[in-house]
Student: 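My structure is below; once you've seen it, I'll send some questions.
Numbering of residues begins at 1 and proceeds along the displayed sequence. Just so you know, these numbers come straight off a predicted model, no measurement behind them. Start at 1 and go down the list; that is how both ligands and their atoms are numbered.
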Amino acid sequence: MIDPFGRRVSYLRVSVTDRCDLRCTYCMAEDMTFLPKSEVLSLEEMDRLCGAFVGLGVAKLRLTGGETLVRRGVMQLVRSLGARIGSTALREVTLTTNGTQLARFADELFAAGVRRINVSMDTLDPAAFRAATRWGDLAKVQEGIFAAKRAGLRVKINAVALKGVNEHEFDRMLAWCGEHGFDLCLIETMPMGEVAGERADQYLPLSLVRERLRANWTLDESDHSTGGPARYHDVRETGARVGFITPLTHNFCESCNRVRLTCTGTLYMCLGQDDAADLRAPLRDAELGEEGLRLAILEAISRKPKGHDFVIDRRGRAPAVARHMSVTGG
Ligand code: SAM
């Protein structure tokens, strides 16, 4: 699948549910209204849709959410997708999780063919973690992270950089990740959906964070890539890597290779734009069949926009897009 700007689309991110067992303050409002179950695709439908994308050349699938592992029966989907690795265009199935259910699922994920996962953990401080997630238990997340490591999964820790929340922790987090053999990926907060408080109060440019880190660590630019938007550096002192996802200070749209499917079958061709395509109708239309679904996907790809234009400042602008990150899963 080639978009109008000549970019090959080979990466599909699939949100399996909009529900989450945490309420990270920068991600969701406290009183979120979740979708009625009747609107959400069944796991079989998600599997069929993923199959259609793989048939069109998608090599990497990432399951996300909401919280990926709270979707009931999600392992059935992971196993079915994992079974296609190698025998189709599919090379990798991975997931992003908040880690709360990971201790329970780590071994099953490995057995299903998953080899690496991203776990979101914004701080190493239990009280700050509870405040940032509104009720999360850091010990439970870390128990999940270590279960994943024991199961043989490579773990990358994702942390959104937030002024006044974790900005003084990055040295410690880099050391902790290095000690346990995890890469760390820092992310700039993006203006998606209304949340409590001002985004401008929390926004921390990663250009600044990187300079601060250089005071204590030797960061060598690396050409390592996981097919996502992060730019990596090798941390000489630990042997691990630190990545930076910088949608605000340096967007990476020119190399964008991905599209995002929500749990209702809506395809967003850009994280920072509202344009979308409904794939649920063609998926459920027996008369259209597989060819109809294929054409609907190709039509959507032909509308993939050039990029997003996220801005966070104090002029009180509305979020770039009204939907929360939990709709598309980042
Ligand atoms: N529940 C899973 C998790 O916690 O990773 C998957 C979904 S979560 C929406 C995916 C990632 O998006 C998390 O790392 C989260 O911190 C990040 N995220 C959420 N809202 C964000 C925002 N406004 N800007 C940047 N990253 C955000």
Student: Just to be sure I understand the cut-off, which residues have at least one non-hydrogen atom under 4.0 angstrom from an atom of ligand 1?
Tutor: Y26, C27, T64, G65, G66, E67, T96, T97, N98, S120, V160, E188, T189, M190, R199, M325, G329
Student: Show me the side-chain donor-acceptor pairs of residues 319-330 shorter than 3.5 Å, one per line, residues at least two apart or across chains.
Tutor:
from: R323; atom 1: NH1; to: Q273; atom 2: O; distance (Å): 3.0
from: R323; atom 1: NH2; to: C270; atom 2: O; distance (Å): 3.3
from: R323; atom 1: NH2; to: L271; atom 2: O; distance (Å): 2.8
from: R323; atom 1: NH2; to: Q273; atom 2: O; distance (Å): 3.3
from: H324; atom 1: NE2; to: E194; atom 2: O; distance (Å): 2.6

Student: Quick one: is the NZ or CZ of R210 closer than 6.0 Å to the six-membered ring centre of F244, and within 45° of its axis?
Tutor: yes
Student: Once the angle between the rings of F252 and H308 is folded into 0 to 90°, is it parallel (under 30°), tilted (30 to 60°) or perpendicular (over 60°)?
Tutor: perpendicular
Student: Could you give me the CA-CA distance, side-chain angles and deciding distance for V58 and S10, then say whether side-chain contact (heavy atoms from CB on, under 4.5 Å) is met?
Tutor: CA-CA 4 Å; V58 158; S10 57; 5.7 Å; no
Student: Within the structure provided, determine whether D171 and W217 are in side-chain contact (heavy-atom separation under 4.5 Å).
Tutor: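 SC-SC contact between D171 and W217 confirmed.
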Student: Any luck finding a side-chain donor-acceptor pair between D274 and Y268 under 3.5 Å?
Tutor: no
